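Bear in mind that the values here come from a model prediction, so they are computed numbers and not experimental data.
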Amino acid sequence: MPDEATRVDKWLWSVRLFKTRSQATQACRNGNVKIDDQPVKPSREIAEGMLIDIRRGPIHQTIKVLAPLSKRVGARLVPQYMQDLTPEEEYKKLQAIKAHDGSRPHGRGRPTKKERRDLSTWFGWD
């Protein structure tokens, strides 16, 4: 299944880093995908051993290409084609943001007046 030449946007979609290929293409066009600290175009070909840096929201992922791939594979097969070199601190940043996003557990009803005040100071709505 490994291919000789694969576009970076197609590879990112194939290893399930992006839900759709158009999202992967848009990330490349926006400069959120870099190889050797240089923004890449979606048509850039990848090779085994390349390091790809992806900026997705608050985190910065580093992915190593283990094999080129042009067809989407199941989640169990992804480790054969990529290695995630992202430091654990990056994922902790994401967890911290999710913990303070202001959402409420299902079934808790509307926020109380005190909770609304706390939310507005947290988000700076005052």
Side-chain angles (χ1 to χ4, degrees):
M1 212 184 239
D3 298 326
E4 299 302 321
T6 303
R7 294 169 51 112
V8 68
D9 64 336
K10 199 168 188 180
W11 187 84
L12 292 169
W13 167 75
S14 297
V15 295
R16 299 174 173 268
L17 290 172
F18 289 92
K19 193 171 185 178
T20 65
R21 186 168 168 194
S22 61
Q23 286 177 346
T25 302
Q26 195 61 41
C28 292
R29 287 188 182 139
N30 291 341
N32 295 332
V33 179
K34 295 181 180 183
I35 296 177
D36 298 328
D37 293 326
Q38 295 294 320
V40 297
K41 292 183 178 180
S43 61
R44 166 87 183 259
E45 292 185 357
I46 61 164
E48 185 177 334
M50 281 187 169
L51 290 177
I52 301 176
D53 295 319
I54 306 168
R55 185 81 170 151
R56 299 180 76 192
I59 68 170
H60 188 104
Q61 290 179 296
T62 304
I63 306 295
K64 182 177 181 180
V65 178
L66 299 180
L69 178 68
S70 64
K71 298 204 179 212
R72 195 165 171 100
V73 294
R76 289 184 181 175
L77 299 177
V78 168
Q80 296 175 10
Y81 299 99
M82 69 167 243
Q83 181 181 4
D84 190 359
L85 303 175
T86 308
E88 191 64 32
E89 295 83 35
E90 293 291 325
Y91 292 116
K92 287 182 182 177
K93 276 196 261 182
L94 187 61
Q95 289 174 349
I97 290 170
K98 285 184 178 180
H100 294 90
D101 69 348
S103 63
R104 298 173 53 79
H106 183 69
R108 287 231 9 234
R110 293 175 54 177
T112 63
K113 190 171 184 178
K114 181 188 181 322
E115 289 171 333
R116 284 195 305 269
R117 273 185 258 138
D118 291 342
L119 283 174
S120 45
T121 57
W122 173 260
F123 287 111
W125 293 334
D126 288 337

Give the intermediate values and the outcome of side chain to side chain contact (heavy atoms under 4.5 Å, CB included) for residues V73 and V78.
CA-CA 7 Å; V73 294; V78 168; 4.1 Å; yes
To the nearest 0.5 Å, how far apart are [atom1] in [X] and [atom2] in [Y]?
| X | Y | atom1 | atom2 | result |
| --- | --- | --- | --- | --- |
| M82 | I63 | CE | CD1 | 4.0 Å |
| I35 | C28 | CD1 | SG | 8.0 Å |
| I54 | K34 | CD1 | NZ | 12.5 Å |
| R55 | Q61 | CZ | CD | 10.5 Å |
| I46 | L51 | CD1 | CG | 11.5 Å |

If I compare all heavy atoms of [X] with all of [Y], which pair ends up nearest, and what's the gap?
| X | Y | value |
| --- | --- | --- |
| P39 | G31 | CB-CA, 4.3 Å |
| A67 | W11 | O-NE1, 3.1 Å |
| R29 | P42 | CG-CG, 4.0 Å |

Going only through I, L, V, M, F, W and Y residues with side-chain contacts under 4.5 Å, is there a path from [X] to [Y]?
| X | Y | value |
| --- | --- | --- |
| W13 | V8 | no |
| L69 | I52 | yes |
| M50 | F18 | yes |

Exam field: side chain [X] to backbone [Y], donor-acceptor pair closer than 3.5 Å:
| X | Y | answer |
| --- | --- | --- |
| E90 | H60 | yes |
| T86 | T62 | yes |
| R72 | R16 | no |

Is the number of heavy atoms from other residues, nucleotides or ligands under 6.0 Å of D37 CG greater than 12?
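Open.
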If you count the non-hydrogen atoms of other residues, nucleotides and ligands that lie under 6.0 Å from NZ in K64, is the total more than 12?
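Counting neighbours around NZ of K64, 12 or fewer heavy atoms of other residues, nucleotides or ligands fall under 6.0 Å, so no.
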Would you say Y91 and D84 make side-chain contact, with heavy atoms under 4.5 Å?
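A side-chain contact exists here, since the closest heavy-atom pair is under 4.5 Å.
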So, do D9 and R21 sit near enough that their side-chain heavy atoms are less than 4.5 Å apart?
yes
K92 and E89 ion-paired at < 4.0 Å
no
Please lay out, stage by stage, how V33 and L12 fare under the test side chain to side chain contact (heavy atoms under 4.5 Å, CB included).
CA-CA 10 Å; V33 179; L12 292 169; 4.0 Å; yes
